[in-house]
Amino acid sequence: MENATTTLYFHLVPLVVFLPLAGLVINLLIGKKLGEVVSGTIASLASGAAFVVACLLMLSLRSNPEAVVVPFAEWIRVGGLAVDWAFRVDTLSVTMMLVVSGVGTLIHIYAIGYMHEDVRLNEDPGRFTRFFIYLNLFIAMMMILVSAESYLMTFVGWEGVGLCSYLLIGFWFEKGKEGTGNAIAAKKAFITNRVGDFGFLVAMFMIFLQFGTLSFSELAHVSAPVGALGTVVVAGIGLFLLLAVTGKSAQLPLFVWLPDAMAGPTPVSALIHAATMVTAGVYLVARSAPLFELSPVGPQAVAWVGTLTALFAATIAVGQYDIKKVLAYSTISQLGFMVAAVGMGAYVAGMFHLVTHAFFKALLFLSAGSVIQGVEHGHHHDPHADHYAEFDPQDMRNMGGLAGKMKVTTAVYIIGALALAGVAPLAGFFSKDEIVAFAFGKNPVMFTMLLLAAFFTAFYMARQVWMVFFGKARTTAAQGARENPLVMTIPLMVLAVLSLVGGALNLPHVETLGKWLEHTMEGLHPAEFNWLVAGISLAVAFTGIAAGWFFYGRRSWQPGQSDPMKKLLGPLFTAFERKWWVDEIYNALLLQPYKDLSAILAEPVDQKLIDGCANGLGRMTGWFSRGIGVLQNGLVRSYALVILAGVAAILGYLILR
């Protein structure tokens with residue numbers, strides 16, 4: 001039975017939001033006075049405390065696994081619409097709370113060391129505390145999203161993480177190409193996500209139209225609609241929710257914002273890609289499972305979008321040279337695996353991959369940040385380097401030979417790469433294999449496409465590892481690189497352990513996560529370990545790694561050398577490098593026509609019509625005020641005469657009436 005209760009620790013659930021907000025407020029008021037270490041520690045403790053509360057909620061659900069709704073505040077009462085701010089505590093929401101706060105806390109701790117260097121490299125130490133204010137706000141908004149009891153409250157968190165991504169991607173808004181590159185990247189993320197948000201809003205309107213409620217509790221047991229109109233509405237709900245997912249979880253065709261999000265500091269990249277924003281779309285589909293089960297087209301559309309995105313983004317990652325851009329396209333691809341899974345009805349497999357991906361993708365991004373700062377250190381401490389010349393510390397062609405200089409970072413990065421590539425017994429093998437195995441029994445075309453995406457994944461990660469860590473250093477910056485402090489490397493070690501053992505969350509024939517989630521999601525498809533598919537997946541992973549070694553590890557990459565794959569694939573590799581010209585297509589079809597139309601309408605509509613109306617109102621006000629101003633001449637006899645005339649007019653009116 002679902003009702004408000006204070007049994008065990010359920011009543012603590014509002015703290016998952018308010019503890020990060022408390023850290024935000026403290027840093028906002030006195031953070032700069034406290035200094036970097038203290039303000040960073042406060043933010044980390046706030047996120048860590050939210051994780052402790054999530055753990056207590058998990059323990060409570062183990063004793064009482066039924067979903068619990070905890071009301072917090074009355075919000076909207078309009079006609080038949082009643083929406084309160086209430087928290088939903090069930091196994092699905094608590095799983096997300098644990099991932100967001102747990103991985104988020106490790107990113108906070110890492111960021112203390114990373115941002116200490118980053119604010120100095122960017123010559124603005126004063127922004128250190130501001131960064132942690134934004135980071136705590138991000139955690140709070142994501143907690144609102146995953147803990148909400150209704151679609152409307154989920155939408156509040158949905159918009160909140162969109163705002164936070166804008167603030168954090170554009171954190172160094174005056175940096176980037178031509179001094180505006182980072183600001184443009186933040187704007188691109190914000191505007192692209194508004195398209196997805198439109199889908200979410202329309203889906204909510206249709207849900208209320210069809211079912212008369214936005215409550216997850218009430219929608220959990222809805223029945224199929226009667227009549228053609230109801231069927232169309234339910235189909236529309238699934239498709240508009242899919243539009244929301246393509247925006248927030250960076251799926252085709254709205255994925256273009258996520259690679260540009262690399263403009264933010266590396267801890268931001270890790271938080272967006274691993275624990276928070278991009279996982280929201282996958283969570284939304286899982287939470288909306290009862291509605292998708294009723295939709296005649298929604299699940300198939302979701303599955304195909306995920307599958308196509310997984311393969312499409314994996315090909316682009318093969319041709320990138322920016323260490324973070326490779327991981328960005330990898331995230332888009334892995335999200336495609338998750339979206340494909342939940343679209344096929346494999347909700348446990350999708351959530352399982354979401355959790356393990358949070359471990360190894362956070363590990364990879366934070367390790368990439370460690371590499372970048374190590375190379376930047378080498379560049380800035382090179383007495384012969386021209387520090388005014390353009391140097392990209394994220395370009396893998398400027399690296400090489402880092403294994404001997406950054407031993408901890410190298411070790412944990414390889415663990416993360418192997419987990420992402422799907423090598424047993426690391427976490428990525430079990431979660432990705434569960435998705436591929438489900439596709440094997442569901443759709444042979446999807447199965448083949450996902451296997452091909454898995455091959456590209458193993459290949460581009462092997463390419464990256466060989467280019468970054470092995471061979472000879474290709475620049476003096478790489479030669480002078482050094483390992484980072486413990487405040488950065490300890491979170492990496494913790495994430496590496498999670499990437500190693502995370503597969504135990506849902507081992508075949510144990511299915512811990514599956515049994516946990518079945519308390520919330522009815523009719524889950526049980527995971528079945530398929531030895532044939534597992535063998536094929538491992539063979540594909542090792543083939544991709546071997547191909548990566550053959551092209552990039554067998555011979556050391558030389559400075560100025562063109563990519564070995566370019567000669568083999570020719571125009572196809574150029575397409576990978578140029579990201580299939582998607583940005584150029586968007587520019588040609590949407591942006592440039594909009595700019596041209598704006599230029600055409602600027603003078604007649606904006607300057608003449610709109611400005612003319614505004615300026616005309618201003619001139620009329622000026623004329624009127626000058627006319628009235630004649631009466632204000634400062635002479636008492638004039639004022640007395642006006643009063644007398646007024647009295648006479650009033651008396652005359654009364655007499656005549």
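The structure places SG of Cys164 at 3.5 Å from CG of Leu137, a figure rounded to the nearest 0.5 Å. Atom-to-atom distance recorded for Asp433:CG and Ser537:OG is 4.5 Å, nearest 0.5 angstrom. With rounding to the nearest 0.5 angstrom, the CD atom of Gln334 is 11.0 Å from the CG atom of Leu327. Atoms NZ and OG1, on Lys33 and Thr129 in that order, are 12.0 Å from each other to the nearest 0.5 Å. Taken from CD1 in Ile272 to CG in Leu258, the straight-line distance is 7.5 Å, to the nearest 0.5 Å. Annotation: the span from Lys248 atom NZ to Thr276 atom OG1 amounts to 10.0 Å, rounded to 0.5 Å.
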Original post:
After noting the C-alpha distance and the side-chain angles of Phe359 and Leu505, does the key distance pass the side-chain contact (heavy atoms from CB on, under 4.5 Å) rule?
Top reply: CA-CA 12 Å; Phe359 298 155; Leu505 288 172; 4.2 Å; yes
Original post:
Between Val423 and Phe542, does a side-chain contact (heavy atoms from CB on, under 4.5 Å) hold up when you go through it step by step?
Top reply: CA-CA 8 Å; Val423 174; Phe542 284 122; 4.0 Å; yes
**OP:** Check step by step if side-chain hydrogen bond (donor to acceptor under 3.5 Å, both in side chains) holds for Ser431 and His353.
**Re:** CA-CA 5 Å; Ser431 58; His353 199 50; 2.8 Å; yes
**OP:** Show your reasoning for whether side-chain contact (heavy atoms from CB on, under 4.5 Å) applies to Phe430 and Thr356.
**Re:** CA-CA 9 Å; Phe430 291 101; Thr356 61; over 6 Å; no
**OP:** Start with the C-alpha gap between Phe455 and Val540, add the side-chain angles, then the distance that decides, and say whether side-chain contact (heavy atoms from CB on, under 4.5 Å) holds.
**Re:** CA-CA 5 Å; Phe455 167 79; Val540 166; 3.5 Å; yes
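With salt bridges taken as basic N to acidic carboxylate O contacts below 4.0 Å, one links Arg397 and Asp395. Looking at Asp583 and Lys188, a side-chain N of the basic residue comes within less than 4.0 Å of a carboxylate O on the acidic one, giving a salt bridge. Look at Lys325 and Glu577 and you find no salt bridge, because none of the NZ, NE, NH1 or NH2 atoms lies under 4.0 Å from a carboxylate O. Between Arg482 and Glu376 there is no salt bridge, since no side-chain N of the basic residue sits under 4.0 Å from a carboxylate O of the acidic one.
Checked by atom type and distance alone, the side chain of Asn27 pairs as donor or acceptor with a backbone atom of Ser39 at under 3.5 Å. Gln373 places a side-chain N or O within donor-acceptor distance of the main-chain N or O of Tyr114, the cut-off being under 3.5 Å. With hydrogens and angles ignored, the 3.5 Å screen pairs a side-chain donor or acceptor of Asp322 with a backbone N or O of Lys324. In this structure a side-chain-to-backbone donor-acceptor pair under 3.5 Å is present from Ser249 to Gly281. Within the 3.5 Å criterion, the main-chain N or O of Gln558 finds a donor-acceptor partner in the side chain of Gln561. A donor-acceptor pair is defined here as one N or O able to donate and one able to accept, closer than 3.5 Å; such a pair exists between the side chain of Tyr283 and the backbone of Val146. Not one N or O on the side chain of Ser330 forms a donor-acceptor pair closer than 3.5 Å with the backbone of Val326. Put simply, the side chain of Glu123 never gets that close to the backbone of Val119: no donor and acceptor are under 3.5 Å apart. Side-chain atoms of Arg127 come within 3.5 Å of backbone atoms of Phe171 as a donor-acceptor pair (strictly under, hydrogens ignored). Checking side-chain atoms of Arg474 against main-chain N and O of Met396 turns up a donor-acceptor pair under 3.5 Å.
Leu420 is listed as a side-chain neighbour of Lys361, based on a closest heavy-atom distance under 4.5 Å. When side chains are defined from C-beta on, Phe459 counts as touching Tyr552, because their heavy atoms get closer than 4.5 Å. At a threshold of 4.5 Å between non-hydrogen side-chain atoms, the residues Asn136 and Ile42 do not count as touching. Taking the side chain as every heavy atom from C-beta outward, His273 and Met262 approach each other to under 4.5 Å. Between Thr475 and Met399 the shortest side-chain heavy-atom distance does not fall below 4.5 Å. Between Trp557 and Trp466 the shortest side-chain heavy-atom distance does not fall below 4.5 Å. Side chains of Phe469 and Val371 form a contact here, defined as non-hydrogen atoms less than 4.5 Å apart. The shortest distance between side-chain heavy atoms of Ile107 and Leu366 falls below 4.5 Å.
A donor and an acceptor atom, one from each side chain of Thr409 and Glu483, are located under 3.5 Å apart. Side-chain contact of Trp172 with Asp118: a donor-acceptor pair under 3.5 Å is present, judged by distance alone. Between the side chains of Glu36 and His116, at least one donor N or O sits under 3.5 Å from an acceptor N or O. Asn398 and His379 are not linked by any side-chain donor-acceptor pair at a separation below 3.5 angstrom, with hydrogens and angles left out of the test. Ser370 and Asn484 are linked by a side-chain donor-acceptor pair at a separation below 3.5 angstrom, with hydrogens and angles left out of the test. For the residue pair Trp580/Thr315, the side-chain donor-acceptor check at 3.5 Å is satisfied.
Screening Thr309, Ile435, Thr307 against Phe337 for a side-chain contact (heavy atoms from CB on, under 4.5 Å) leaves a single residue, Ile435.
Taking all atoms of both residues into account, the shortest heavy-atom contact from Phe391 to Ala477 is CZ-CB, 3.4 Å. In terms of heavy atoms, Leu271 sits closest to Gly104 at CD1-CA, 3.9 Å. Nearest heavy atom pair, residue Trp257 against residue Ala189, reads CB-CA, 3.5 Å. Between Ala481 and Leu402, the shortest heavy-atom contact is CB-CD2, 3.7 Å. Nearest heavy atom pair, residue Ala186 against residue Gly170, reads CB-N, 3.6 Å. The two residues Phe352 and Gly503 have their closest heavy-atom pair at CZ-O, 3.6 Å.
A perpendicular orientation is assigned to the rings of Phe576 and Phe573, their planes being inclined by more than 60° (bins at 30° and 60°).
Within a 6.0 Å radius of NZ in Lys187, other residues, nucleotides and ligands contribute 12 heavy atoms or fewer.
A cation-pi arrangement is found for Arg463 relative to Tyr321, the charged atom lying closer than 6.0 Å to the ring centre and inside a 45° cone about the ring normal. In this structure, Arg194 forms a cation-pi arrangement with Phe190, its terminal cationic atom sitting closer than 6.0 Å to the ring centre and no more than 45° off the ring axis.
Aromatic ring centroids of Phe128 and Phe132 lie under 6.0 Å apart. Side-chain rings of Phe312 and Phe255 approach one another, their centers coming within less than 6.0 Å.
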